[in-house]
Amino acid sequence: MQVAPVNFSQFASLPDDDCQTRIKEARARLGERVVLLAHHYQRADVYCHADLTGDSLKLSRLASQTRADFIVFCGVHFMAEVADVLSAPEQKVILPDLSAGCSMADMASLAKVERAWRELATVLDPDETITPVTYINSAADLKSFCARHGGIVCTSSNAEAILKWSYAQREKVLFFPDQHLGRWTARQMGMPPEDMAVWDFDLPQGGLTAEQIHRAKIILWKGFCSVHQMFRPQHVLDFREKHPEGLVISHPECCEDVCALSDYVGSTEMIIKTIAAAPENTRWLVGTELNLVQRIAKEFAPQGKVIRFMSPMVCMCSTMARIDPPHLAWALESLADGEVVNQISVAAEDAEMSRLALERMLSCS
Ligand code: 13P
Ligand code: SF4
């Protein structure tokens, strides 16, 4: 029996306990028709409902493997787009709040990247000399752009392998939107700073001279993550002074100086696995989003591990936090009642080409 569609406003002011109960009831009604994927930054009151969790690479693999009718994605918009592109045509991907975006992904648009490509073409032949590489934190039309120009997608856990692939294709890389991941990865591969140039997308020709463009081996889009830019080298130095035996682990979206001062740098999944595998009674400073750090601090406390957040300020992914219990309850109840709300559906032409760029990535990860 089809029930009248429920409006989100009926859920907005539901007490927490009611929300949790309704999420569980809707999930029970849906059974195996639904799978809940959650990124590691998801808030605790949503994360606890996840069937599967991971970093961006793991979540994209999981999305391509699940057979559930509905994939409810507790993450941000680009992650749900990837799930839509990699899942089967009959599966539906739902993002419980459509305003859950990524501010870094928004720093590169197709119009800006196409303009950059045209401006680069006044200096050299980009299709002959440059492999475009987009971080997975980008819209589907940019992944499609990369596929059309012989490029590829990368994540924080495979960026080095992807850059190696990219240099096997052409002599230069245009890396967007995160300058920090691009810079850190190139540095790890032994590239000196003078081979890197930063493309300021607000300036004509990226603010670069023709000579700088000819010289660069990697051109880094001037994008960044507003959460990870809050972690500063001084935070690491203060921790090391107080706790010389302590260990520091950071996400590669942190600036180069923070990464260089860290003992380990890696994706969210790598951060969790590294601390999980560490000896008991170790002390950690962690440079990534607050929800993840708070969760592992609790989880590993019984092993005597002391886990501290890198910044004295609160650095949360506020857009991911928009996936809250009221939105999750609303999305699931609507599905259980036969109404699909907030479906993420990538346009056919972008879906086909971005799948190609993602499959290239998956095959060399
Ligand atoms: P991971 O792929 O490491 O989970 O990173 C995603 C992200 O957006 C980090 O800010
Ligand atoms: Fe985007 Fe930063 Fe949030 Fe990651 S933490 S999803 S890069 S805004």
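Indexing begins at 1, ligand by ligand and atom by atom, following the structure's order.
Ordered by chain and residue number, the residues placing a heavy atom less than 4.0 Å from ligand 1 are H39, Y41, D55, S56, Y135, N137, S156, H228, H251, E253, S267, T268.
Ring orientation note: the planes of F8 and F11 are close to parallel, at an angle under 30° on the 30°/60° scale.
Between the side chain of R360 and the main chain of G151, a donor-acceptor pair closer than 3.5 Å is present.
Among residues two or more places apart in sequence or in another chain, the side chain to side chain contact (heavy atoms under 4.5 Å, CB included) test is passed with P302 by none. Evaluation of the side chain to side chain contact (heavy atoms under 4.5 Å, CB included) rule for C225 yields M104, V227, H228, E253 as partners, not counting sequence neighbours.
Under the 4.0 Å criterion applied to side-chain N and carboxylate O atoms, D350 and R355 are not assigned as salt-bridge partners.
A distance of 6.0 Å or more separates the ring centres of F224 and H180. Ring centers of Y135 and F78: at least 6.0 Å apart, outside the cut-off.
Side-chain contact, S250 with S262: a donor N or O sits under 3.5 Å from an acceptor N or O. Side chain to side chain, T268 and D55 fail the donor-acceptor criterion of an N or O pair below 3.5 Å.
Protein N/O/S atoms closer than 2.8 Å to atom 3 (Fe) of ligand 2: C317 SG.
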